[in-house]
Amino acid sequence: MSSSTTARTARRRTLRIAAAALTAAAGLTLTACSGSDAAGAKPAAHTEAGMAAAASSGAGSSAGAQGSDAKAGPEAKAETKAGAAGKQSGSVHATGGGKAASPVRTQRLADGISKAEIYKLGEQHYRAKIVARGSVLATLETKKGDAGLDANDMFITLTLDGQVHSWMGGGHQGPGTFKLAGGWTAKVTKVGELRYRAQIIGHDGVAATLETNQQDTGVNANGVYIVLSAGGVISAHA
């Protein structure tokens, strides 16, 4: 074989080997790409699973939220009803207060300076504000009984029918037994701090008992008005 023939044969073998190498390299590249796709599929599958789990979790949260809403719904409605009832109650209170917003009567008192503004709050339920020079000095209110006040030696009673009576002086400092207007006798005893008791005695024995509990009190004893103060002073006026 000539030298030129030998050279051509060598070149062909070299080309075949190169082609084979290229083919193998291409195969490796394809395999590598396939492996990369397969590897990429795993994260995709994982992502889908995660989304499914998230969807499931979201559904659970949604169901939980719905359950919470369903549970809270009646409570919210009940609370709303309670609030509405409170508002209605407040309206009733405001209406009741509105009835007492204007006094049914204003009356000048015995000192010539003060006056009583009398409000009707209900059946046998009255309030009297003692006002002087535009300021409220004291308030009397009937609660299942007459009310009384010793306002610096001016005595005031408010009766269950809303009548106000006032007079100046005539007080007796208890404890002790004192003759009162109208033929009554008062036996005053001290029963505690700012607490005095007065038995109102007539011809037939004890007709009434007054007792202070850190607050003045009064009574209408058959047209004789009596006040017992928290300091033990008793006075009466016919």
Could you pull out all donor-acceptor pairs under 3.5 Å where a side-chain atom in residues 222-234 meets a protein atom, sequence neighbours excluded?
{"unit_1": "Tyr225", "atom_1": "OH", "unit_2": "His165", "atom_2": "NE2", "d": "2.9"}
{"unit_1": "Ser229", "atom_1": "OG", "unit_2": "Gly231", "atom_2": "N", "d": "3.2"}
{"unit_1": "Ser229", "atom_1": "OG", "unit_2": "Gly232", "atom_2": "N", "d": "3.4"}
{"unit_1": "Ser229", "atom_1": "OG", "unit_2": "Val233", "atom_2": "N", "d": "3.0"}

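- For the salt bridge (charged side-chain N to carboxylate O under 4.0 Å, His left out) condition, no pair includes a residue of residues 217-229, sequence neighbours left out.
- With values rounded to the nearest 0.5 angstrom, Ser166 atom OG is found 6.5 Å from Gln107 atom CD.
- What you find for Ala207 and Trp184 is that their closest heavy atoms are CB-CZ3, 3.5 Å.
- Leu158 places none of its side-chain heavy atoms less than 4.5 Å from the side chain of Arg127.
- Residue pairs meeting the side-chain hydrogen bond (donor to acceptor under 3.5 Å, both in side chains) criterion with at least one member in residues 169-183, sequence neighbours excluded, are Lys179-Thr185.
- Residues Leu180 and Ala236 come closest through the heavy atom pair CB-CB, 3.9 Å.
- Side-chain atoms of Ser235 come within 3.5 Å of backbone atoms of Gly169 as a donor-acceptor pair (strictly under, hydrogens ignored).
- Nearest heavy-atom pair, Ala238 versus Ala181, reported as atom, atom and distance to 0.1 Å: N-CB, 4.2 Å.
- Listed by first and then second residue, the side-chain hydrogen bond (donor to acceptor under 3.5 Å, both in side chains) pairs involving residues 143-159 are Thr159-Asp161 (not counting sequence neighbours).
- For the atom pair Ser102 OG and Glu117 CD, the distance stands at 10.0 Å (nearest 0.5 Å).
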Hey, can you pull the donor-acceptor pairs under 3.5 Å for the side chains in residues 187-198, sequence neighbours left out?
{"unit_1": "Arg195", "atom_1": "NH2", "unit_2": "Glu211", "atom_2": "OE2", "d": "2.7"}
{"unit_1": "Arg197", "atom_1": "NE", "unit_2": "Glu211", "atom_2": "OE1", "d": "2.9"}
{"unit_1": "Arg197", "atom_1": "NH2", "unit_2": "Glu211", "atom_2": "OE1", "d": "3.1"}

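- Criterion: ILVMFWY side-chain heavy atoms under 4.5 Å apart, direct or through other members. Under it, Phe178 and Ile200 are part of a common hydrophobic cluster.
- Side-chain contact between Phe155 and Leu149 is absent, with no heavy-atom pair separated by less than 4.5 Å.
- Distance check, rounded to the nearest 0.5 Å: OG1 of Thr106 to OH of Tyr119 gives 7.0 Å.
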N/O donor-acceptor pairs under 3.5 Å from side chains in residues 130-138, not counting sequence neighbours:
none

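- Between Tyr126 and Glu141 there is no side-chain heavy-atom pair separated by less than 4.5 Å.
- Ile156 and Met168 end up in the same hydrophobic cluster when Ile, Leu, Val, Met, Phe, Trp and Tyr side chains are linked at under 4.5 Å.
- At distances below 3.5 Å, not a single donor-acceptor pair connects side-chain atoms of Arg105 with backbone N or O atoms of Ala116.
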